[in-house]
Amino acid sequence: MARGWGWRPAGRSKWAVRGLDLRIEPGERVLLLGASGAGKSTLLQGIAGVLGDENDGEAEGTLTASRSGLVLQDPDSQVILARVGDDVAFGCENLGVPRDEIWRRVGDALDAVGLDLPLDHSTSRLSGGQKQRLALAGVLAMRPDLLLLDEPTANLDPDGVREVRDAVTRVLEHSDRTLVVVEHRVDVWWPIVDRVIVLEPGGGVLADGPPDRVLAGEGERLAASGIWVPGFEPAAPTRTHRTGAQLLRVDALAVGRAQPMATAIDLSIREGDCLGVTGPNGSGKSTLALTLGGLIRPLGGSLSPDPLRWKSRELVTRIGSVFQDPEHQFVAPTVLAELRVGAKAVGLPERETADRVAALLARLRLDALVEANPFTLSGGEKRRLSVATALVTRPPLLILDEPTFGQDARTWAELVAFLAELLDEGSAVVAVTHDSALVTALADTELRMSAVVPA
């Protein structure tokens, strides 16, 4: 229950959530929606009691909840132990569950989320999507009264999305647990929830009620505010599809860490080209992106030119990389300072730096957040900031890992239109993604990678 509840992160002038009055009854299945930055993740973390104390921010009003289990938007932050089985068992151990019962729950939870890996498999070798499944398995094993899921399918392949949704459905069918799920994929959760709550950016509730009444009856109004409503999807931008000089040639490339995840990759990336890299979780898509970006060494084959031979200053002006986890590339205390890092590294004049940064802030809806700490942004805002940091130096080749993660319908359309403009101007884009709408809108070529059989 929330009464006049609000939270403002430390160092921020604006409240993430404010004036919220809300009651969720035991056993309800709630889909929590809102535009990017409306405070959805903040509310879930507040319900779970993990926002912190007065050193982390300022709270007002009251917020109470029963015993809950939270799957965070960033699965990396929930990986605790080195082995898959131990990580899932960790929460149960802290609850004092008997040992034999713990391992029954671990097996059931891993089966439920479709993470078919040995219990001693290293958590450091999991893909981002596999980590999402692991985090969900750990929460399911604890069997909380209140299940809080923050974009649990955001980085999953289509099969993984269905497996996670079906796993949650099975858990709910055999219990009276309460569910609150934040997700931009409205169509995935619509069939299993009985209530939809839409947060109003800046405070309060925009809409609240049964899914059919809220989503069908108010679809046009909600879509205009940025909500992904089936039947009101944003239009894809038009493109000229002109190609130019070759920027990168890939021959018989093998990528991986200790062992190959994908081999025999041949590509030619030219100016104006958009390559969509798709495939199941764990197939090596992110590893390929890091290899193409000159950030890890290939295990075989060749790249021409070879970005590993470039100095860091040369690399940042030729290839812009956006990691799957945006927090992995933040190094500055404010959004403004973050955007100036690349410009300073390549020695851009102050006036040109200011102009480029101001244009990116406005285009990606970050201009009201210039003094905010990047780590306090919403998931969608972090993603747009990470894309902006790669664009400051205007590299001809952009390698983007899940560039549309966490975006509402409005910011998705704006970001995709921006990328379309860059392509028409001659930039090349490699987009690692599970977003089929992005592939349809922009990709000239699709590279579908295959699942890797666990060793």
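Source: prediction; values computed, not measured.
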Donor-acceptor pair, distance only, cut-off 3.5 Å: does the side chain of [X] make one with the backbone of [Y]?
X: Arg133; Y: Gly114; answer: yes
X: Glu183; Y: Thr153; answer: yes
X: Glu314; Y: Ser312; answer: no
X: Lys382; Y: Glu327; answer: no
X: Asn281; Y: Asp157; answer: yes
X: Lys40; Y: Ala35; answer: yes
X: Ser427; Y: Leu423; answer: no
X: Thr243; Y: Glu271; answer: no
X: Arg270; Y: Gly244; answer: yes
X: Glu446; Y: Gly276; answer: no

With Thr389, which of Thr393, Leu385, Val392 fulfils side-chain contact (heavy atoms from CB on, under 4.5 Å)?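 In the set Thr393, Leu385, Val392, the residue that makes a side-chain contact (heavy atoms from CB on, under 4.5 Å) with Thr389 is Leu385.
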With Val196 as partner, the option from Val186, Leu32, Ile227, Val214 fulfilling side-chain contact (heavy atoms from CB on, under 4.5 Å) is Val214
Heavy-atom pair with the smallest gap, counting every atom of [X] and [Y]:
X: Ala289; Y: Val432; answer: CB-CG2, 3.9 Å
X: Pro144; Y: Gly69; answer: CB-N, 3.5 Å
X: Leu134; Y: Asp87; answer: CD2-OD2, 3.5 Å
X: Leu308; Y: Pro298; answer: CD1-CD, 3.9 Å
X: Leu126; Y: Lys131; answer: O-CE, 3.5 Å
X: Ser283; Y: Ser450; answer: CB-O, 2.9 Å

Open item on the list: Any heavy-atom pair between the side chains of Leu275 and Thr445 that's under 4.5 Å?
Closed with: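 SC-SC contact between Thr445 and Leu275 confirmed.
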Answer yes if the side chains of [X] and [Y] hold a donor-acceptor pair under 3.5 Å, and no otherwise.
X: Arg383; Y: Ser36; answer: no
X: Gln246; Y: Ser268; answer: yes
X: Gln407; Y: Arg384; answer: yes
X: Ser378; Y: Glu381; answer: yes

If you count the non-hydrogen atoms of other residues, nucleotides and ligands that lie under 6.0 Å from CZ in Arg242, is the total more than 12?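 Check fails, neighbour count at 12 or below.
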>> For Glu220, is the CD atom crowded, meaning more than 12 foreign heavy atoms sit under 6.0 Å from it?
In response: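 12 or below, so no.
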Between Glu421 and Arg363, is a salt bridge (charged side-chain N to carboxylate O under 4.0 Å, His left out) present by the stated rule, with each step listed?
CA-CA 12 Å; Glu421 289 177 20; Arg363 188 66 188 269; 2.8 Å; yes
Item to complete: I would like to know whether Asp166 and Arg170 meet salt bridge (charged side-chain N to carboxylate O under 4.0 Å, His left out); could you show each step before the answer?
Response: CA-CA 6 Å; Asp166 292 347; Arg170 288 192 295 271; 5.1 Å; no
Margin query: Evaluate Asp159 against Arg162 for salt bridge (charged side-chain N to carboxylate O under 4.0 Å, His left out), listing each step before the verdict.
Written below: CA-CA 5 Å; Asp159 287 341; Arg162 287 188 291 271; 2.3 Å; yes
Quick note, salt bridge (charged side-chain N to carboxylate O under 4.0 Å, His left out) partners involving residues 402-419, not counting sequence neighbours, are Arg365-Glu414
Tell me every residue that passes side-chain contact (heavy atoms from CB on, under 4.5 Å) with Thr169, counting only those two or more places apart in sequence or in another chain.
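Applying side-chain contact (heavy atoms from CB on, under 4.5 Å) to Thr169 gives Arg165, Glu173, Ile192.
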The side-chain contact (heavy atoms from CB on, under 4.5 Å) partners of Ala89 (sequence neighbours excluded) come to Glu93, Ile102, Trp103, Val106
Residues at least two apart in sequence or cross-chain that pass salt bridge (Lys or Arg N to Asp or Glu O under 4.0 Å) with Asp266, listed by chain then number, are none
Using the test salt bridge (Lys or Arg N to Asp or Glu O under 4.0 Å), find all partners of Glu371 that sit at least two apart in sequence or belong to another chain.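 For Glu371, no residue satisfies salt bridge (Lys or Arg N to Asp or Glu O under 4.0 Å) once neighbours in sequence are set aside.
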Practice prompt. Please assess Asp306 against Arg318 for the test salt bridge (charged side-chain N to carboxylate O under 4.0 Å, His left out), listing each intermediate value before the final yes or no.
Written response: CA-CA 11 Å; Asp306 183 357; Arg318 298 180 184 183; over 6 Å; no
What's the spacing between Leu348 CG and Thr317 OG1 if we round to 0.5 Å?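 Between atom CG of Leu348 and atom OG1 of Thr317 there are 10.0 Å.
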Residues at least two apart in sequence or cross-chain that pass side chain to side chain donor-acceptor pair (under 3.5 Å) with Asp424, listed by chain then number, are Thr240
